[in-house]
Structure formats: structure tokens, C-alpha cells
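Nothing fancy with the numbering, it's 1 onward along the sequence.
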Amino acid sequence: MTVKTRFAPSPTGFLHIGGARTALFSWAFARHNKGKFILRVEDTDVERSTQESVDSILDAMQWLNLSYDEGPFYQMQRMDRYKSVIQQMLADGSAYYCYCSREELDALREEQMSNKEKPRYNRKCLNNHEHDQTRSPVVRFKNPTDGVVVWNDLVKGRIEIANSELDDLIIARSDGTPTYNFCVVVDDWDMQITHVTRGDDHVNNTPRQINILQALGAPVPQYAHLPMILRDDGQKMSKRRDPVSVMQYQEMGILPEALLNYLSRLCWGHGDDEVFSIAQFVEWFNLDNISPSPARFDMKKLFWVNSQHIKNMDNVKLLEVIEPGLIKLGIDVKELDITSILDLVKTRGDNLNTITQEVAYFYQPQTASQDDVTKHLTDLAISLLNAFANALDGLDEWSLEAIKAMVKEFCAVQNIKMPQLGMPLRLKLCGTTQTPSFDAVLYILGKNNVLSRLSKSIS
Ligand code: GLU
């Protein structure tokens with residue numbers, strides 16, 4: 001049997017970090033089993049679904065590189081199919097029209113509550129064919145009345161729900177549109193989904209969906225309900241307080257592979273391994289060792305994982321991701337040896353924005369802070385830098401070794417310690433004292449660049 005999984009977001013907002021973890025697990029399980037992964041957009045809530053949300057979800061999936069083999073399918077385009085299944089169920093008696101009015105249902109509910117009974121539909125319309133024909137009926141699923149629904153959830157273990165707990169679910173509204181749980185069932189059936197991986201807020205829907213699948217004679221997939229992702233302090237994540245949209249992480253300079261690596265470890269793990277590639281994750285991943293308790297989102301850890309991915313990244317790939325940012329700053333990376341710059345700076349930040357800034361000051365000195373200028377560009381330092389510029393000018397060989405030797409000799413002759421030269425020098429060359437080793441900076445900038453920056457006044 002080919003494993004087939006799906007990710008089924010509702011386009012009522014951007015792709016949430018929890019949704020991304022669900023997508024990742026569904027995708028990885030399909031890839032691990034050489035199966036298929038489907039993207040299905042559950043857009044039947046027409047009031048809340050927007051094209052903008054669809055686009056942002058698709059963009060986020062692409063940025064994360066979670067490729068799908070089929071889809072995106074849109075439920076709104078499958079209405080005819082849902083309606084024909086409803087007709088079939090009406091014909092075979094597994095569903096029935098219900099003409100009860102809202103007032104009647106409210107009264108029934110109140111009566112049941114006052115009798116301390118569980119509110120549920122009393123099946124008045126099941127066999128009663130005398131209806132108010134002016135009213136458009138809803139369609140209800142005829143849920144079994146006895147027995148239990150059982151499934152072995154791949155995360156939560158065995159779950160058993162008595163049918164007496166379940167109502168005769170409305171599967172089509174009075175305007176004929178099918179309801180959410182029904183569309184999911186028909187889709188999972190038609191799309192031959194073998195494993196449903198989704199958030200555990202859907203556990204309550206599962207017994208209803210299983211009953212409908214069984215009434216249709218459809219195979220029941222396996223279910224894996226993933227626990228929530230909480231904030232570090234154990235509270236629920238909120239749009240207002242926390243970055244919950246996947247694309248906010250892109251803005252923060254997180255690499256997609258680092259985000260996936262970090263998300264993979266929320267409720268799943270492989271020993272003590274913390275930093276790994278997505279290919280490695282796919283090789284290890286399975287649905288049977290997911291922890292059933294909620295995970296906590298640790299932002300510091302995410303940035304650390306990101307720093308490790310940046311550090312391990314091939315320079316060509318790293319340049320590819322930061323180049324758009326550099327171009328925006330008007331930088332042409334070809335003017336200097338970008339590979340050497342990346343080697344020097346890739347360990348100096350835990351996000352791509354910082355790495356971009358670290359690269360940028362090689363090309364364009366930053367505006368130095370007044371504090372730094374006052375502290376480091378004293379009269380003494382300026383005359384030292386002038387002398388240093390002269391010495392550099394006389395240097396015939398522009399190699400790292402020659403520069404190192406010359407710096408050493410210069411400091412000895414001037415009777416100064418290295419930082420006395422280094423701090424003002426960095427400030428003049430790059431506009432910041434926070435640079436990698438200054439002999440390496442000198443070497444990369446090249447003689448002309450260095451002499452021209454040293455001759456410019458800064459304050
Ligand atoms: N559309 C649902 C959601 O976004 C997911 C339903 C499912 O995976 O079965 O929560």
C-alpha cells in the first residue's frame with residue numbers, strides 16, 4: 001500500500017508555526033515511506049477564507065520547500081462531488097432530511113438540559129415524513145446509536161468513544177452546502193489518504209468522521225493527532241504577543257531548513273541529535289515515536305539551531321540567500337572576495353540579517369557611533385593611523401602573512417599593544433569596532449580600499 005498523507009489548511013490566515021509542524025510531519029512521513037503528499041485547501045468557510053491567505057500559505061510551503069505531489073485541491077471546487085455523495089447517502093438511508101426549525105431545536109435542547117440529559121437531536125425527522133414543505137431541510141448523518149468508535153491513534157494511543165455520545169451530525173446545510181466534517185471525509189476517501197496527521201484540536205471530529213467513512217464503505221485511515229506547540233512559559237501562543245506566522249521567521253533571518261530542523265524536534269526526537277539536515281530527518285522520521293505532551297517553543301534554541309545551519313552552510317548557498325539583501329543595500333559582491341568574507345563572518349551571527357550586516361561593512365563602512373568616535377579616534381589614534389597608512393603604502397606584497405608581519409613590526413616600533421591600533425583602525429575601515437581579526441579585514445579590503453578609507457575623515 002502506498003502511503004498517502006495530506007496537509008489540509010483552512011485559508012483563514014497565514015501559515016501558523018503549528019501548521020508548519022503539521023505539514024512537516026505529514027510531508028516527512030510520506031517522503032520516508034516513498035509515498036505521496038497532498039496539499040488540500042479547506043476553503044468552505046467562505047466568510048473567513050481569503051485568497052490572500054491561500055497565497056500566503058502557498059508561499060510559506062514553497063519557502064519551506066515542502067513540495068507536494070498532488071494539489072493544491074480546493075474544496076470549493078469539489079462541491080458537486082460532495083453533493084452527489086449526500087444524495088447517495090439519502091438514497092441508501094445513511095442520511096436523512098431534517099426539517100426541524102431552530103426554535104424547535106432550541107426548545108429540545110433546553111428540555112434535555114433541564115432533564116440533565118446530554119443535548120442531542122431526537123431524530124424526530126428520521127421516520128416522520130410530514131414536514132413543513134415550505135422549509136428547506138438540512139441533511140443529517142444517521143449515526144449508529146450503540147457500540148463504540150475506536151481507533152489506535154499513532155500519537156495518543158487507543159481512543160474509544162461511545163456512539164451514544166455522538167449526535168446525528170448535520171452534513172448539509174439548508175442551502176445544500178456540505179459541512180466541514182463531511183467534506184474532510186469525502187476528500188480523505190477520494191484522495192486515498194492512508195495517514196491523517198493533524199493538530200489534536202481535531203480529536204473530537206475523528207469518531208464522527210470514522211462513522212461516516214464506515215457508512216460509505218470507505219477505508220478508515222490511521223490518525224496521528226499532534227499536540228499543541230506552547231510558548232516557552234507554557235502558555236498558548238498568541239498572534240499579538242508571539243511571532244506565529246512562518247513568514248515572520250523569514251523576516252527574522254531564519255533559514256527554512258533551520259526552522260524545519262527546529263520544528264522537527266517539537267514532540268519528536270532522535271536521541272540527543274539537535275542539528276541535522278532535512279534529508280537526515282526524513283530518513284529518521286516515523287509517526288510512532290511522537291510524544292503526546294505539548295511542546296514548548298524556545299526561541300533562543302531556534303536561533304542557536306539557525307546559527308549552526310548558517311555556520312555549516314556552503315558559501316555558494318549562503319550567498320544565494322543573503323544576496324537579495326545586499327543588492328537592496330546597493331552592494332555588488334563581486335567588488336571583494338565574498339568567499340573569504342563569508343568564511344570570516346558566517347560564525348558571527350545567529351540570523352541572516354546579522355550576517356548580511358557583517359558582510360555589508362566590508363563594502364560600505366557603517367556610520368560610526370559618536371561614542372566610538374570619541375573613545376577610539378583620539379588625536380593620538382589619528383596620528384597612529386596616519387603612520388600606519390604610510391607603512392602600509394610601502395608594503396610590496398599584499399598577503400595575509402606580509403600584513404601580519406608588518407602590523408607586528410609597526411606595533412613594536414610604536415611601542416603600542418595591538419588593540420591600540422586595532423580599535424581605531426576597525427572604526428575607520430568599517431565604521432564599527434566589532435569586526436573579525438583586523439589583519440584579515442585589511443587583506444580582504446585590499447590596499448587601495450584601505451588607504452582610501454583611512455584618508456577619509458569620519459566625524
Ligand atoms: N482544515 C483543518 C485545519 O486547518 C484541518 C483538518 C484536517 O487536517 O483534517 O485545522
Side-chain angles (χ1 to χ4, degrees), residues 7 14-29 31-32 59-67 197 226-235 237 241-287 289-291 293-322 324-325 342-359:
F7 176 51
F14 41 69
L15 183 61
H16 189 279
I17 202 75
R21 199 262 319 250
T22 302
L24 171 65
F25 282 13
S26 304
W27 173 87
F29 187 68
R31 293 288 171 262
H32 176 87
D59 286 351
M61 292 292 284
Q62 190 177 16
W63 179 66
L64 290 171
N65 211 7
L66 296 177
S67 56
T197 305
L226 306 176
M228 289 185 75
I229 301 176
L230 300 174
R231 279 163 56 107
D232 203 16
D233 59 7
Q235 295 196 15
M237 282 186 132
R241 270 185 318 204
D242 311 298
V244 290
S245 154
V246 164
M247 296 319 260
Q248 279 172 284
Y249 290 85
Q250 183 191 34
E251 281 162 29
M252 290 192 281
I254 302 289
L255 284 165
E257 53 270 42
L259 183 58
L260 291 180
N261 178 176
Y262 180 71
L263 289 178
S264 76
R265 297 195 67 258
L266 299 179
C267 299
W268 177 88
H270 185 267
D272 292 332
D273 293 305
E274 295 199 287
V275 180
F276 40 81
S277 69
I278 300 312
Q280 180 62 78
F281 170 59
V282 166
E283 201 181 309
W284 285 333
F285 184 67
N286 227 316
L287 285 173
N289 47 0
I290 292 174
S291 153
S293 19
R296 298 210 175 186
F297 198 92
D298 179 346
M299 199 60 82
K300 275 205 197 99
K301 192 65 174 277
L302 166 64
F303 275 91
W304 177 78
V305 170
N306 199 43
S307 72
Q308 301 306 300
H309 277 265
I310 294 174
K311 191 176 90 184
N312 299 337
M313 222 170 161
D314 169 75
N315 284 336
V316 176
K317 266 203 80 187
L318 180 55
L319 179 59
E320 219 173 270
V321 286
I322 63 168
L342 291 177
D343 280 338
L344 277 182
V345 305
K346 70 206 285 191
T347 52
R348 294 175 57 82
D350 60 9
N351 69 83
L352 296 173
N353 301 333
T354 306
I355 301 295
T356 304
Q357 282 163 16
E358 290 278 328
V359 171

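By the neighbour-count criterion of 12 heavy atoms within 6.0 Å, atom CG of D233 is densely surrounded, having more than that number from other residues, nucleotides or ligands. By the neighbour-count criterion of 12 heavy atoms within 6.0 Å, atom CD of Q62 is sparsely surrounded, having that number or fewer from other residues, nucleotides or ligands.
Nearest approach of D273 to W284, heavy atoms of both residues: OD2-CH2, 3.6 Å. Considering every non-hydrogen atom in both G349 and S307, the closest pair reads O-CB, 3.9 Å. In terms of heavy-atom proximity, H309 sits nearest to F276 at CE1-O, 3.3 Å. Scanning all heavy atoms of the two residues, the minimum distance from N261 to E274 falls at ND2-O, 3.0 Å. What you find for A20 and V246 is that their closest heavy atoms are CB-CG2, 3.6 Å. Across K346 and L318, no two heavy atoms sit closer than the pair CB-CD2, 3.9 Å.
Side-chain atoms of H32 come within 3.5 Å of backbone atoms of V282 as a donor-acceptor pair (strictly under, hydrogens ignored).
Residue F281 holds its CZ atom at 11.0 Å from CZ of R265, rounded to the nearest 0.5 Å. A distance of 5.0 Å separates CZ of F297 from CG of L302, quoted to the nearest 0.5 Å. Between the OG1 atom of T22 and the CD1 atom of I17 there is a distance of 11.0 Å, given to the nearest 0.5 Å. For the atom pair CZ (F285) and CG (L24), the distance works out to 7.0 Å, reported to the nearest 0.5 Å. Here the straight-line distance linking atom NE2 of H270 with atom CD of Q280 works out to 7.0 Å at 0.5 Å rounding. The distance from atom CG of D232 to atom CE of M299, rounded to the nearest 0.5 Å, is 9.0 Å.
Evaluated for a side-chain hydrogen bond (donor to acceptor under 3.5 Å, both in side chains) with T354, the options N351, D350, T356 yield exactly one hit, N351. No option in L260, L64, L66, T197 other than L66 meets the side chain to side chain contact (heavy atoms under 4.5 Å, CB included) test with W27. Considering R231, Q248, Q235 in turn, R231 is the only one that fulfils the side chain to side chain contact (heavy atoms under 4.5 Å, CB included) rule with D242.
Under the 6.0 Å distance and 45° angle rule, R21 counts as a cation-pi partner of F25.
With no hydrogens or angles considered, a side-chain donor-acceptor pair links W268 and N289 at under 3.5 Å.
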Could you give the side-chain donor-acceptor pairs of residues 249-257 under 3.5 Å, partners two or more places apart or in another chain?
residue: Y249; atom: OH; partner: P243; partner atom: O; Å: 2.6
residue: E257; atom: OE2; partner: K317; partner atom: NZ; Å: 3.4

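Using a 4.5 Å cut-off on side-chain heavy atoms (C-beta onward), V275 and N312 make contact.
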Q. Can W304 and K300 be said to form a side chain to side chain contact (heavy atoms under 4.5 Å, CB included), step by step?
A. CA-CA 6 Å; W304 177 78; K300 275 205 197 99; over 6 Å; no
